[in-house]
Colleague: 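Attaching a single structure in structure tokens format; questions to follow.
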2 protein chains.
Amino acid sequence: MSNAAAAGAQSTVQSVDRAITVLEVLADAGEAGVTDIARKLGVHKSTAFRLVAALEKRGLVEQNSERGKYRLGMGILHLAGATTASLDLVQESRPLCRALAAQTNETVNLAILSDGLALYLDQVSGSSALQSHNWVGQRIPLHATSNGKVLLSGLPDSEVARIVRRPLRAYTAETITAMKGLLAVLAAVRAEGHAVAVDEFEVGLTAVAAPVRDFHGDVIASVSVSGPTFRLDSDRLDGIVDNTKRTAASISTRLGWRASPTAKSW
Amino acid sequence: MSNAAAAGAQSTVQSVDRAITVLEVLADAGEAGVTDIARKLGVHKSTAFRLVAALEKRGLVEQNSERGKYRLGMGILHLAGATTASLDLVQESRPLCRALAAQTNETVNLAILSDGLALYLDQVSGSSALQSHNWVGQRIPLHATSNGKVLLSGLPDSEVARIVRRPLRAYTAETITAMKGLLAVLAAVRAEGHAVAVDEFEVGLTAVAAPVRDFHGDVIASVSVSGPTFRLDSDRLDGIVDNTKRTAASISTRLGWRASPTAKSW
DNA sequence: CATTAGCGTTGCGACATGAGCAACGCGGCC
DNA sequence: GGCCGCGTTGCTCATGTCGCAACGCTAATG
């Protein structure tokens, strides 16, 4: 039929494929009605409804009121928790991140590169233990964050130019918006072994990040410490940079970097 | 068959339902092979394979090696990011807090930990005319309030000792001022699942609080019911404790917390 | 070193299953 | 009141999906 929407690959199980599309539509739109979803899927209203109903029954989507729009549900969070729990990276780094958070009293994040954005995998809060917002699962731009710059620093310039989403949006007056400037900063990050972002993504937010490397030496993740700019003044910053770099190096070691390649293989 | 009440069991898209089961199996086991999954689903090996393949194509599951076991993938985290963006703590808890306020006719507060203090995020007043002042945005000590004790109960003792602001100031004659005593009370809070504070912060003010947990099971917030001590006598207190715990559990569920497998008492 | 056993993977035919249609109840909006 | 759009639900047909059996492969076993 008109299944040519996703040109190329043939779907293995049509219903499942469509159901996943429903989830992605909801992730993108925040919330949507059955009719909207059906339109975006290119299927009949009732088909979309049954898909949504199946997802809702298992808690992957929820509807706002008795008869209302749908949105992603808590079941997704169950799965997300299990996902990070099964990732070696998160498991190995968590105790070290916790220690870093305790030492600095600030929030520690672990991020990886994903589809031209930084994806936060884990977060440990500092003394202000429970932040109002949890970034895990969130994806943020690469050019405006310390984590993003570290992740980019592991790639050659040509690759950087390829994957960074353009134009480089200015989130604040401090945001780097020129590709040339970004590449210059990345060179510095490679040389220094860490990145800093002050008020670049959000005014009043400062972050420091350092690279996590796998046994090949490739940058696979980034560890950051972030907090209010007024609290991370230049006096503290040096110490935090050192701490962050040390933590990132320790995680890298755990992952087999510059160590015995005995990594727990499958 | 036309009965809508019992229709919950049916009206599902079989493939989607099975695919979700696959995800849950993987969430539970961490990783599993096609044969394992097929056994747990009670379907044929090839069926399980196709479901997994469909999920893999969209990034919801990944396989370890070229020919190996499967695990949950990064796609789940993308979805989770969108979920948390639309799942705001205050917004999710508000209707439940309102219901709690209506049932108890007392003031309901929602608080989180912030820099060694309890920060009030939301407040719903009971219908009682005697409205205490608005606490939203206020930050109050952890050791002298029911909310504070609940928030602390989610942390290990070492962490508690680290973040609580000392000395433990005595606001009233009932205030806990010894760290040892505080830790003992927190142990009780963890066991009971709720905290009570009578005249500890202010003479004549009684409050009951219960923990709100995220999908990891971590305590991220606290819900409290508070009012004049004379109105919250021991007769009413038990019922209010139950109500508060129930509300906190409901909010937790909305945030993706899976209720403990042990049977509930009520 | 040959053999076995178990894994993930694939072509195929039969049939259960999910798609589309049309109609219903309901709410908001001319 | 009448209209339009929403989410929801029987019904029927053919379509997409399942179970079977067989394959290539790896790794333990004799």
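Because only heavy atoms are used, hydrogens play no part in the values below, and waters and symmetry mates are left out as well, while side chains stay in. What you see is a predicted model; the values in this text were computed from it and never measured. Order of the sequence lines fixes the chain letters, A, B, ..., with proteins taken first and strands second; residue numbering starts at 1 for each chain.
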Colleague: Between the protein and nucleotides 21-24 of chain C, list every N/O to N/O distance that falls short of 3.5 Å.
Modeller:
from, atom 1, to, atom 2, distance (Å)
C:dC21, N4, A:S46, OG, 3.3

Colleague: Can you measure A:Q14 atom CD to C:dA19 atom P for me and round it to whole angstrom units?
Modeller: 6 Å

Colleague: Under the rule for side-chain hydrogen bond (donor to acceptor under 3.5 Å, both in side chains), what residues qualify as partners of B:R58, not counting sequence neighbours?
Modeller: A:D17, A:T21, A:E24

Colleague: May I have the distance from A:I37 (atom CD1) to D:dT8 (atom P), rounded to whole angstrom?
Modeller: 10 Å

Colleague: Find which nucleotide of DNA chain D each of A:D36 and A:S15 is nearest to by heavy atoms, and output the residue with the more 5' nucleotide.
Modeller: A:D36

Colleague: What does the inter-axis angle of the helix from C:dC1-D:dG30 to C:dC30-D:dG1 come out as, five pairs per end, nearest 10 degrees?
Modeller: 30°

Colleague: Measure from CG on B:L51 to C1' on C:dT9 and round the result to the nearest Å.
Modeller: 14 Å

Colleague: Given A:L142, which partner from the list A:N147, A:L152, A:V160 fulfils the side chain to side chain contact (heavy atoms under 4.5 Å, CB included) test?
Modeller: A:L152

Colleague: Short question: side chain of A:R139, backbone of B:G81 - any donor-acceptor pair under 3.5 Å?
Modeller: no

Colleague: Looking at C:dG20, D:dG16, D:dG7, which one has an atom nearest to any side-chain atom of A:V43?
Modeller: C:dG20

Colleague: For A:D17 and C:dA19, what is the distance between atoms CG and C1' respectively, to the nearest whole Å?
Modeller: 16 Å

Colleague: Between C:dG11 atom P and B:F49 atom CZ, what is the distance in whole Å?
Modeller: 10 Å

Colleague: Looking at CD of A:E62 and CD of A:E31, how far apart are the two atoms once the value is rounded to the nearest 0.5 Å?
Modeller: 12.0 Å

Colleague: Whole-Å distance between D:dG7 P and A:L55 CG?
Modeller: 16 Å

Colleague: If you measure from the Lys or Arg side-chain nitrogens to the Asp or Glu carboxylate oxygens, is any gap between B:D242 and B:K245 under 4.0 Å?
Modeller: no

Colleague: Fit a plane to each ring of A:Y171 and A:H143, take the angle between them on a 0 to 90° scale, and name the class: parallel (under 30°), tilted (30 to 60°) or perpendicular (over 60°).
Modeller: tilted

Colleague: I need the minimum non-hydrogen distance between B:V34 and B:A48, along with the two atoms involved.
Modeller: O-CB, 4.0 Å

Colleague: Rounded to the Å, how far apart are A:E56 CD and D:dT9 P?
Modeller: 10 Å

Colleague: For A:L23 and B:L79, which heavy atoms make the closest approach, and how far apart are they?
Modeller: O-CD2, 3.8 Å

Colleague: Measuring to OP1 and OP2 of D:dG5, would you say a side-chain N or O of A:T35 lies under 4.0 angstrom away?
Modeller: no

Colleague: Answer yes or no: is there a side-chain heavy-atom contact under 4.5 Å between B:L96 and B:V223?
Modeller: no

Colleague: Tell me: NZ of A:K57 to P of C:dG18, nearest whole Å?
Modeller: 12 Å

Colleague: Please determine whether a side-chain nitrogen or oxygen atom of B:Q63 lies at a distance below 4.0 Å from atom OP1 or OP2 of C:dT9.
Modeller: yes

Colleague: Under 4.0 Å between a side-chain N or O of B:Y70 and OP1 or OP2 of C:dT9?
Modeller: yes

